[in-house]
Protein chains: 2
Amino acid sequence: MGGKKDMMSGDDIRNAGLKVTLPRVKILALLEQSEQGHVSAEDVYKLLLDAGEDIGLATIYRVLTQFESAGLVTRHHFEGGQSVFELDRGEHHDHIVCIKCGRVEEFFDQMIEDRQQEIAKEKGFTVEAHALTIYGYCKNAACRAS
Amino acid sequence: MGGKKDMMSGDDIRNAGLKVTLPRVKILALLEQSEQGHVSAEDVYKLLLDAGEDIGLATIYRVLTQFESAGLVTRHHFEGGQSVFELDRGEHHDHIVCIKCGRVEEFFDQMIEDRQQEIAKEKGFTVEAHALTIYGYCKNAACRAS
DNA sequence: CAACAAATGAGATGCTTTTGCATTCTGCCA
DNA sequence: TGGCAGAATGCAAAAGCATCTCATTTGTTG
């Protein structure tokens, strides 16, 4: 039995050296339940409002940034507009984003990962991170390229 | 025959449907001569100031955006901070950026390009663009990871 | 070279994100 | 369990980047 590690909780917040406050718990819970998986700070703000929790936008930014430092969430800078956040479940992956509806899907490709390492080595770089995002139109009929 | 296409000129501006003005000529020339190859709007502003050309930042943003629409330059959104622009010489490539000194190198890998297409197809996406940036420490001694 | 449309510059404006500060809450210890 | 120090929150102001407004200036074309 060993607790499954795909459910975040107050312990995760505590382990990050942060106090377990209502805003932090709510934000973490929201990221867990979130359909999209990828939400902007403002999305979080509005979703929490809808849920009856009036948490200041500044707090949301602050908390998300702290969660990021703690490795609980990852921040992505897709083109145009706000940063989006997602819960970090430990597995690295890249993204493919629909430029029409905003849908975000994840993928992981070992071949691409390997090639990146090789390329970096050729150029004398030590890889610390990388971001690969494919932009296009998703399968949704309404999103098909004109 | 056929003029070599690696030197931009006023004709390129004119062909883009834009008037050949001093700001536009200076900005284009700067992008050509630029050592780094990748400059932010503010870099352009300062470099032009140093060169004795006092061109407003608003104009620089405007012109760079127009050049982008015309396909003369490409805009990249690397992590943190401003967008950077580079002359578009027609060949697509991705970037590897030193997170210590900011050095930017380019690379192109057909294998990665192909895999992206396959991945998109699997997910039912039509690729319009993509951005792959590797972040790390460059070979420069002072930049080695601690 | 006159006349018009396009372009520029300076500052205002919009958005996203961060910060300062007074107030409120958590976690801890007596 | 009550109280306290330090951390966290909320609000409003600020900061950073990019765009827009509008009066003035500059290409272009006839």
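One atom, CG of A/Asp54, and another, C1' of D/dG10, lie 9 Å apart when rounded to the nearest Å. Rounded to whole Å, the distance from CD on A/Glu53 to P on D/dA8 is 19 Å. Protein atom CG of A/Leu64 is 15 Å distant from nucleotide atom P of D/dA8, rounded to whole Å. Here the P atom of nucleotide D/dA8 and the CD1 atom of A/Ile60 are 16 Å apart, to the nearest Å. If you measure from atom OH of B/Tyr45 to atom C1' of C/dG9, you get 10 Å, rounded to the nearest angstrom. In this entry the distance linking CZ of A/Phe85 with C1' of C/dT16 reads 11 Å, nearest Å. Computed from coordinates, the A/Glu42 CD to C/dT17 C1' distance equals 11 Å when rounded to whole Å. Nucleotide C/dT17 holds its P atom 7 Å from the CZ atom of A/Arg75, rounded to whole Å.
Look at B/Ser83 and you won't find any side-chain N or O under 4.0 angstrom from OP1 or OP2 of D/dC17. Using a 4.0 Å cut-off, no side-chain N or O of A/Thr65 falls inside it from OP1 or OP2 of C/dT17.
The backbone N or O of B/Val20 sits nowhere less than 3.5 Å from a side-chain atom of B/Arg14 that would complete a donor-acceptor pair.
Checking A/His92 against A/Glu113 by side-chain atom types alone, a donor-acceptor pair falls below 3.5 Å. If you check the side chains of A/His130 and A/Gln117, you find no donor sitting under 3.5 Å from an acceptor.
Where B/His77 and A/Arg24 meet DNA chain D, the nucleotide closest to each residue was compared, and A/Arg24 sits on the side nearer the 5' end.
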### Task
Quick one, give me the B/S/- string for nucleotides 19-30 of chain C, reading 5' to 3', where B means a protein heavy atom under 4.0 Å from the base and S means that only happens at the primed atoms, P, OP1 or OP2.
BB-----BS---

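For the residue pair B/Thr59 and B/Pro23, the shortest heavy atom distance occurs at CG2-CB, 4.0 Å.
Comment: A/Glu105 engages A/Arg103 in a salt bridge, judged by a side-chain N to carboxylate O separation of less than 4.0 angstrom. Between A/Arg115 and A/Glu118 there is a salt bridge, with a side-chain nitrogen of the basic residue lying less than 4.0 Å from a carboxylate oxygen of the acidic one.
Under the 4.5 Å side-chain heavy-atom criterion for ILVMFWY residues, a single connected hydrophobic cluster contains both A/Leu72 and A/Ile60.
For CD of A/Glu35, the number of neighbouring non-hydrogen atoms (other residues, nucleotides, ligands) closer than 6.0 Å is 12 at most.
Residues that satisfy the ring pair (Phe, Tyr, Trp, His ring centres under 6.0 Å) test with B/Phe78, not counting sequence neighbours, are B/His76, B/His95.
Looking at DNA chain C, the stems built from 3 or more consecutive Watson-Crick or G-U wobble pairs, each pair with its key distances under 3.5 Å, are C:1-30 with D:1-30.
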